[in-house]
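Structure record follows, encoded as structure tokens.
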Amino acid sequence: MRNVDITLLLTLDALLTEGSVTAAADRLNLSVPATSRRLAHLRDLTHDELFVLAGRKLVPTARALDLRDRVQSILEELHALFTPNVVSFETLNRTFSLRTSDGFIGAWSAELAARIRREAPHVKLCFYPHWEGVEALRDRSIDLEITVLKHTGPEVFKQKLFQDHYVGIAAAGHPLAAQHQVSPNDYVRYGHVSASRRGQAHGPIDHALAALGLSRDVSIVAPDFQSAISAVAASDLLGAVPASFAKWAQQSIRLHVFPLPVPTPGIEISQAWHPRSHGDVAHRWLRNHVRAMFT
DNA sequence: GCTGCTCCATACCAGACCCC
DNA sequence: GGGGTCTGGTATGGAGCAGC
């Protein structure tokens with residue numbers, strides 16, 4: 001490798017951000033020709049055009065787009081490396097964006113916020129509903145993802161928080177509330193509420209029931225756990241939610257919680273973040289607080 | 001179609017730095 | 001100290017676009 005220095009990375013980052021040699025030059029406090037020459041050097045190093053002219057606009061090639069995240073990560077790691085590793089949490093004024101399920105928000109957000117406030121009274125937590133994909137981490141829309149993470153890809157750091165499992169729920173006055181144990185036959189005798197943000201009525205519970213030659217009647221598909229609990233509490237329908245969320249919901253809603261009569265896969269809740277945030281002192285502090293709630 | 005503006009690329013020159 | 005290399009600036013040309 002020859003003649004690769006930080007200035008070239010800064011130039012590539014500026015070009016990717018601005019989409020223009022002129023704007024990148026302005027951002028870098030360089031002349032346009034000097035920036036153009038750095039682009040030529042980058043082209044020579046990568047054996048790729050990196051940017052091609054489309055009319056008067058400069059359009060990034062696939063190779064340039066592929067390099068975007070890696071360049072940003074390297075630059076932010078370098079920035080973190082040379083930034084004093086000290087943050088005053090008493091005066092830290094920052095908003096962290098977290099994407100998670102309504103179940104986590106309901107069960108854990110208050111405790112997390114209380115922990116944060118004790119050390120950093122000016123820090124705010126902004127929660128967003130969970131959705132698939134790591135793009136939001138990549139494009140900085142969110143700082144931290146907390147949910148069931150199966151396919152995050154290699155570009156995302158992941159840490160397990162806790163293991164949860166599904167439990168059955170029914171309204172407090174439901175006939176099943178009087179039973180010591182709920183059998184599979186008891187379970188399918190009533191209508192059900194399924195919680196699925198994808199609108200799916202059936203899942204692992206139905207597969208387990210099918211193995212016994214049984215099936216349940218799903219009357220309502222709710223978009224989240226909170227809606228499912230509300231529907232269950234106001235009807236004779238049965239639902240299934242994570243045990244941690246059911247326990248929290250019982251504090252404000254009269255619910256009967258019971259073990260599901262069929263085995264279901266466990267739920268591994270994790271937190272995930274982009275490598276660019278890995279060295280961020282404040283971000284690490286937030287991750288440690290999230291982790292500490294479950295240890 | 002002409003003109004002016006904007007943007008990118010290149011040629012040429014100057015200054016800084018390194019090596020012998 | 002002199003030559004080579006690298007980087008940045010100015011000057012300039014070509015191309016695309018908008019307004020007339």
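Just so you know, these numbers come straight off a predicted model, no measurement behind them. First the proteins, then the strands, lettered A, B, ... as listed; each starts at 1.
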Worksheet entry | Co-membership, hydrophobic cluster, residues A:Val218 and A:Ile220, 4.5 Å side-chain | no
Discussion item. Test of understanding: clusters of I, L, V, M, F, W, Y form through side-chain heavy atoms closer than 4.5 Å, transitively. Do A:Met293 and A:Phe162 belong to the same one?
Written reply: yes
Worksheet item: Looking only at side-chain N and O atoms, does A:Thr22 come under 4.0 Å of OP1 or OP2 in B:dC8?
Response: yes
Practice prompt. Output yes when at least one side-chain N/O atom of A:Arg38 is less than 4.0 Å from OP1 or OP2 of C:dC6, else no.
Written response: no
Rounded to whole Å, please give me the gap between [atom1] in [X] and [atom2] in [N].
X       : N      : atom1 : atom2 : answer
A:Leu39 : C:dG8  : CG    : P     : 14 Å
A:Asp44 : C:dC6  : CG    : P     : 11 Å
A:Leu15 : B:dC7  : CG    : P     : 14 Å
A:His41 : B:dA9  : NE2   : C1'   : 17 Å
A:Glu49 : B:dC8  : CD    : P     : 14 Å
A:Leu42 : C:dT7  : CG    : P     : 11 Å
A:Leu58 : C:dC17 : CG    : P     : 14 Å
A:Leu10 : C:dG8  : CG    : P     : 11 Å

Worksheet, complete the sentence: side chain to side chain contact (heavy atoms under 4.5 Å, CB included) test vs A:Leu50 passes for just one of A:Leu65, A:Leu42, A:Leu15, namely A:Leu42
Item to complete: Using heavy atoms and a sub-4.0 Å distance, could you list which residues of residues 23-35 of chain A are near DNA chain C? By number, please.
Response: A:Leu30, A:Ser31, A:Pro33, A:Ala34
Worksheet item: Got a sec, which pairs hit side-chain hydrogen bond (donor to acceptor under 3.5 Å, both in side chains) with one end in residues 160-173 of chain A, sequence neighbours left out?
Response: A:Lys160-A:Gln163, A:Asp164-A:Ser244
Practice prompt. Specify the closest pair of heavy atoms between A:His174 and A:Asp236, including all atoms of both residues, with the distance to one decimal.
Written response: NE2-O, 2.8 Å
Discussion item. Categorize A:Arg37 for me: base, sugar-phosphate, or nothing, with a 4.0 angstrom heavy-atom threshold over every strand shown.
Written reply: base
Response to the item:
Exactly one of A:Phe245, A:Trp248, A:Phe294 clears ring-ring contact (aromatic ring centres under 6.0 Å, His included) with A:Trp108, and that residue is A:Phe294
Discussion item. Once side chain to side chain donor-acceptor pair (under 3.5 Å) is applied, do any residues pair with A:Trp285, and if so which ones, sequence neighbours excluded?
Written reply: A:Glu119, A:His289
